[in-house]
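What's counted below: heavy atoms across the whole structure, side chains too, no hydrogens, waters or symmetry copies. Position 1 is the first residue of the sequence, and the numbers go up from there.
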Amino acid sequence: TWLLTMSAIGAAALLMSRRFGRDAALLFSTFLLQIPLVAIHLSQGYADLPLMLFCLLSWLTLLEYMEAGGRRWMLLSPLLLSAALWTKSEGLFIAFVPWALTLIIARKDLQFTWKQCLGWIGLGFALYAPFILLLLLKGLPLTPHESDGSLGLKWEGFGALPSALFGSGSYGVYGMALCIALFVLMKHSIKDRRLMALGIWGGASSAIVLFTYLCTPNVVFLLNGQSFFRQMFIPVALLTVWCFVLWKEQKSAAA
């Protein structure tokens, strides 16, 4: 698993280098690995880090498709997404659903017909379907906890949320505030709607994670400072790389 993680980070760096150069790839990779909780997870204690890296690679291949075109890049996105889904069951909600929403909402920017859009989404789900079948045959739930289906607003979570996002845990979570600030600064200067559309995945993933910890019994893991921070890996990584790409594109346009 350590070799898998290192190769995934190397692949992300190569994709960044292909688009923005070696210095940009080194800067982004260093930032990603220096998030304290990410560095701790290099010990391979949980599957959250490979889950995040597969999503990051799927995002970057979607970016390559937008910029360079070519069926092979688009094919890689659902393949890598399916790897994320097989890595951890939470991927169905915080990876597949936001990815599918990105394709649907950005369909025109991706120059997809509805048939093509649904075909790519169907491919991603079909690659994951055997895992769902395996869970059902074993009598296991689709969510980590059987109580996850119990919905209701957890007011105690709202009191703990500001501290969890900005005052404790890994400083990587602070990337949420950074991403929001960069979006506000850049939204008037980025004319390429395709790049703006790529922010849907990170935004939707953030919303789903927050819903999970504010509207289900999982609020206990927010209050005791456990899995919430690991679940934030995907939103922080995807919003950070998105803002990094916006920044690089803005610099290129200014030059």
Side-chain angles (χ1 to χ4, degrees), residues 1 35-38 40-41 43-56 58 81-102 121 124-125 128-177 179-180 200-240:
T1 52
I35 295 175
L37 199 56
V38 171
I40 292 171
H41 276 239
S43 64
Q44 306 301 315
Y46 293 92
D48 298 87
L49 184 55
L51 173 64
M52 178 265 279
L53 290 170
F54 280 129
C55 289
L56 178 62
S58 180
L81 180 76
S82 69
L85 299 180
W86 278 81
T87 299
K88 202 169 185 183
S89 59
E90 288 97 318
L92 177 63
F93 303 101
I94 61 177
F96 177 79
V97 172
W99 174 80
L101 283 175
T102 300
I121 294 173
F125 187 79
Y128 178 58
F131 187 82
I132 296 178
L133 182 61
L134 180 64
L135 289 177
L136 294 176
L137 289 175
K138 294 288 186 179
L140 298 173
L142 294 177
T143 57
H145 310 287
E146 293 185 1
S147 61
D148 286 351
S150 173
L151 300 179
L153 208 57
K154 310 297 181 182
W155 292 106
E156 63 272 27
F158 287 90
L161 188 61
S163 175
L165 285 175
F166 308 113
S168 61
S170 167
Y171 77 74
V173 180
Y174 304 167
M176 295 293 293
C179 291
I180 293 170
I200 296 170
W201 188 346
S205 183
S206 302
I208 290 171
V209 170
L210 292 177
F211 174 84
T212 300
Y213 287 91
L214 295 176
C215 298
T216 75
N218 285 286
V219 68
V220 65
F221 301 114
L222 169 61
L223 297 174
N224 63 20
Q226 290 186 11
S227 58
F228 173 78
F229 300 104
R230 293 187 280 111
Q231 297 266 308
M232 289 299 290
F233 271 0
I234 292 177
V236 169
L238 295 185
L239 287 174
T240 300

Stepwise side-chain contact (heavy atoms from CB on, under 4.5 Å) check, Phe228 with Leu210: CA-CA 9 Å; Phe228 173 78; Leu210 292 177; 4.3 Å; yes
Would you say the side-chain atoms of Thr212 pair up with the backbone N or O of Ile208, donor to acceptor, closer than 3.5 Å?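 Yes, because the side chain of Thr212 sits within donor-acceptor range (under 3.5 Å) of the backbone of Ile208.
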Is there a donor-acceptor contact under 3.5 Å from the side chain of Thr87 to the main chain of Leu51?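 Side chain of Thr87 to backbone of Leu51, a donor-acceptor pair under 3.5 Å: no, none is there.
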To the nearest 0.5 Å, how far apart are [atom1] in [X] and [atom2] in [Y]?
X      : Y      : atom1 : atom2 : result
Leu53  : Ile234 : CG    : CD1   : 10.0 Å
Asn218 : Leu222 : CG    : CG    : 10.0 Å
Leu239 : Ser205 : CG    : OG    : 8.0 Å
Phe221 : Phe229 : CZ    : CZ    : 13.5 Å
Glu90  : Asp48  : CD    : CG    : 6.5 Å

Would you sort out whether Leu81 and Phe54 count as a side-chain contact (heavy atoms from CB on, under 4.5 Å), showing the intermediate values? CA-CA 6 Å; Leu81 180 76; Phe54 280 129; over 6 Å; no
Is atom OH of Tyr46 surrounded by more than 12 heavy atoms (other residues, nucleotides or ligands) closer than 6.0 Å?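 Open.
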Do Pro98 and Ile200 touch side chain to side chain, with heavy atoms closer than 4.5 Å?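 Result no, sub-4.5 Å side-chain heavy-atom pair not found.
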Do Met52 and Gln231 come close enough that some side-chain heavy atom pair is under 4.5 Å?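 Of all side-chain heavy-atom pairs linking Gln231 with Met52, none is under 4.5 Å.
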Heavy-atom pair of closest approach, residues [X] and [Y]:
X      : Y      : result
Leu223 : Ala160 : CD2-CB, 3.6 Å
Ala84  : Cys55  : CB-SG, 3.9 Å
Val209 : Pro235 : CG2-CG, 4.1 Å
Ala204 : Leu101 : CB-CD1, 4.2 Å

Tyr213 and Val219: side-chain contact (heavy atoms from CB on, under 4.5 Å), yes or no, with the steps? CA-CA 4 Å; Tyr213 287 91; Val219 68; 5.7 Å; no
So which of Phe125, Phe131, Tyr128, Trp201 actually passes ring pair (Phe, Tyr, Trp, His ring centres under 6.0 Å) with Phe96?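 Looking at Phe125, Phe131, Tyr128, Trp201, the match for Phe96 under the ring pair (Phe, Tyr, Trp, His ring centres under 6.0 Å) is Phe125.
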